[in-house]
Amino acid sequence: MDLGRLGVWSAGLRFGDPGEAREAAAEFEVLGYGALWFPGYAHTGTLDVAANLLRATTNVPVATGIVNIWVEDAATIAGQAAALRARHPGRFLLGIGVSHGPLIGEKYMHPLRAMNQYLDDLDEADSPGAIQDRVIAALGPRMLDLARRRSAGSHTYLSSPECTRLARDKLGPGKLLAVEQTVVLEADPSRAREAAREFLAPYLSLPNYTGNLKRANGFDDADFAGGASDRLVDAAIAWGDEDAIRRRVKAHHDAGADHVCVYVASAPEELSRESLRRLAPALIDA
């Protein structure tokens with residue numbers, strides 16, 4: 001499956017109006033983005049959304065970022081994924097992940113063991129997919145090792161280029177590393193960082209993300225206090241004009257990413273079509 005070097009990550013493709021999401025998906029394909037990613041969060045029906053986007057497009061791959069293993073049954077997902085691959089050969093990539101303890105609650109226990117079991121259940125389903133048809137949302141070294149052994153690679157979220165470098169070192173060569181990069185298309189530092197902090201706020205209490213940024217960038221607790229330090233904001237969120245965003249995407253590629261999917265910071269239902277139109281000429285084939 002060829003994702004290209006640049007894709008779109010959009011919550012609006014999931015939570016926006018379905019008709020507008022289809023129109024946006026078709027436009028993003030025409031603009032030249034190589035893959036379309038959308039979240040699952042703690043919702044079911046994620047592959048129904050994938051089907052909607054696949055029907056609206058012609059050649060661009062659609063990927064889940066991610067199916068939440070605690071809320072979507074593996075056997076059901078395996079069957080739905082097989083049906084999508086049959087209808088749209090080479091165009092559906094199943095991204096799965098363990099989400100976050102604060103969001104899942106009491107049943108969030110032994111996430112690495114739970115992921116292994118979920119992969120076993122996918123493999124034992126009536127319509128199992130091949131490991132090259134799935135990726136794991138992996139940030140820490142043990143989950144990255146699992147992604148290397150049992151999937152095509154890793155899909156990372158809220159990662160700096162330094163995080164990307166560590167992930168590539170752990171995955172090794174030949175494994176897919178698809179990196180999400182949130183962007184704020186604003187050149188004024190004060191306004192850009194204000195928007196970035198607003199976007200970051202819900203993530204600062206999720207240890208999977210904070211631990212990854214600390215591990216790769218050397219941040220300490222002070223960087224996460226008071227709405228996040230400028231240093232943290234600048235590492236996690238790419239802001240500035242089109243050229244500044246292009247430099248960040250290039251930094252991820254230079255650090256070992258095969259594919260970077262850009263997420264314009266916005267409300268979950270927004271599709272950010274104008275921003276993605278502006279970014280396409282600067283980022284495509286950069």
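Computed from heavy atoms alone, side chains included, the values below leave out hydrogens, waters and symmetry copies.
- Using modelled atom types, no side-chain atom of His155 and backbone atom of Ile66 make a donor-acceptor pair closer than 3.5 Å.
- Using modelled atom types, no side-chain atom of Arg91 and backbone atom of Pro61 make a donor-acceptor pair closer than 3.5 Å.
- Heavy-atom minimum distance, Glu242 versus Leu185: N-CD1, 4.0 Å.
- Distance alone, capped at 3.5 Å, places no donor-acceptor pair between the Thr164 side chain and the Gly256 backbone.
- Contact detail for Leu171 and Leu176: the closest heavy-atom pair is CD1-O, 3.8 Å.
- Considering only heavy atoms from C-beta on, Leu122 comes within 4.5 Å of Ile96 through its side chain.
- Between Lys175 and Asp258 there is no salt bridge, since no side-chain N of the basic residue sits under 4.0 Å from a carboxylate O of the acidic one.
- Defined by atom type and a distance below 3.5 Å, a donor-acceptor pair is present between the side-chain atoms of Asn212 and Arg215.
- Taking the charged nitrogens against the carboxylate oxygens, Arg197 and Asp230 do have a contact shorter than 4.0 Å, which makes a salt bridge.
- Residues Arg231 and Asn217 have side chains that never bring a donor and an acceptor to within less than 3.5 angstrom of each other.
- Judged as a side-chain hydrogen bond (donor to acceptor under 3.5 Å, both in side chains), the pairs with a partner in residues 30-41 (not counting sequence neighbours) are, in order, Trp37-His259.
- A centroid separation of 6.0 Å or more is found between the aromatic rings of Phe224 and Tyr203.
- Using modelled atom types, no side-chain atom of Arg22 and backbone atom of Ala26 make a donor-acceptor pair closer than 3.5 Å.
- Taken to the nearest 0.5 Å, the CG atom of Leu158 stands 8.5 Å off from the CD atom of Gln181.
- The shortest distance between side-chain heavy atoms of Arg55 and Asn52 falls below 4.5 Å.
- For the residue pair Val67 and Leu47, the shortest heavy atom distance occurs at CG2-CD1, 3.7 Å.
- A salt bridge does not link Arg248 to Asp243: none of the charged side-chain nitrogens sits closer than 4.0 Å to a carboxylate oxygen.
- In this structure, the side chain to side chain contact (heavy atoms under 4.5 Å, CB included) partners of Ala216, at least two apart in sequence or on a different chain, are Glu162, Cys163, Leu166.
- Rounding to the nearest 0.5 Å places CG of Leu279 at 9.5 Å from CD1 of Ile284.
- There is no side-chain donor-acceptor pair under 3.5 Å between Asn68 and Glu72.
- Across every non-hydrogen atom of Pro102 and Ser205, the tightest pair is CG-O, 4.0 Å.
- Atom CD of Glu198 has 12 or fewer heavy atoms from other residues, nucleotides or ligands within 6.0 Å.
- A distance-only check finds no donor-acceptor pair linking the side chain of Arg277 to the backbone of Phe28 [under 3.5 Å].
- Every side-chain hydrogen bond (donor to acceptor under 3.5 Å, both in side chains) that Ser229 has, sequence neighbours left out, goes to Asp223.
- Without hydrogens or angle criteria, Ser151 side chain to Gly153 main chain gives a donor-acceptor distance under 3.5 Å.
- Residues Phe38 and Ala50 approach most closely at CZ-N, 3.6 Å, considering heavy atoms.
- Proximity of a side-chain donor or acceptor of His253 to a complementary backbone N or O of Ala257 within less than 3.5 Å is detected.
- Annotation: the span from Ile136 atom CD1 to Thr156 atom OG1 amounts to 13.5 Å, rounded to 0.5 Å.
- When atom types are taken as modelled, the side chain of Ser10 and the backbone of Leu13 share a donor-acceptor pair closer than 3.5 angstrom.
- Side-chain atoms of Lys170 never come within 3.5 Å of backbone atoms of Asp145 as a donor-acceptor pair (strictly under, hydrogens ignored).
- A centroid separation of less than 6.0 Å is found between the aromatic rings of Phe199 and Tyr263.
- Under the 4.5 Å side-chain contact rule for hydrophobic residues, Leu53 and Leu84 share a cluster.
- Two residues are said to be in side-chain contact when any heavy atoms from C-beta on lie closer than 4.5 Å; Leu276 and Val8 meet this criterion.
- Looking at every heavy atom in both residues, Thr44 comes nearest to Arg14 through O-NH2, 2.6 Å.
- Contact annotation: the side chain of Tyr209 never approaches that of Leu204 to less than 4.5 Å [non-hydrogen atoms, C-beta and beyond].
- Scanning for side chain to side chain contact (heavy atoms under 4.5 Å, CB included) contacts around Ala267 gives Glu269, Glu270, with sequence neighbours left out.
- Between Lys214 and Asp220 no salt bridge is recorded (no basic side-chain N to carboxylate O distance below 4.0 Å).
- You'll find the ring centres of Tyr108 and His100 outside the 6.0 Å limit.
- Expressed to the nearest 0.5 Å, how far CZ of Arg150 lies from OH of Tyr118 amounts to 13.0 Å.
- Evaluation of the side-chain hydrogen bond (donor to acceptor under 3.5 Å, both in side chains) rule for Arg165 yields no partner, not counting sequence neighbours.
- With rounding to the nearest 0.5 angstrom, the OG1 atom of Thr210 is 11.5 Å from the CG atom of Leu200.
- To the nearest 0.5 angstrom, Glu186 atom CD is 10.5 Å from Ile245 atom CD1.
- Of the possible donor and acceptor atoms, one in the side chain of Glu29 sits under 3.5 Å from a partner among the backbone N and O of Asn59.
- A donor-acceptor contact closer than 3.5 angstrom links the side chains of Thr182 and Glu180.
- Within the 4.5 Å cutoff, side-chain heavy atoms of His43 are placed close to those of Phe15.
- Looking only at atom types and distance, the side chain of Ser154 has no donor-acceptor partner in the side chain of Arg148 under 3.5 Å away.
- In this structure, the side-chain hydrogen bond (donor to acceptor under 3.5 Å, both in side chains) partners of Arg273, at least two apart in sequence or on a different chain, are Glu27.
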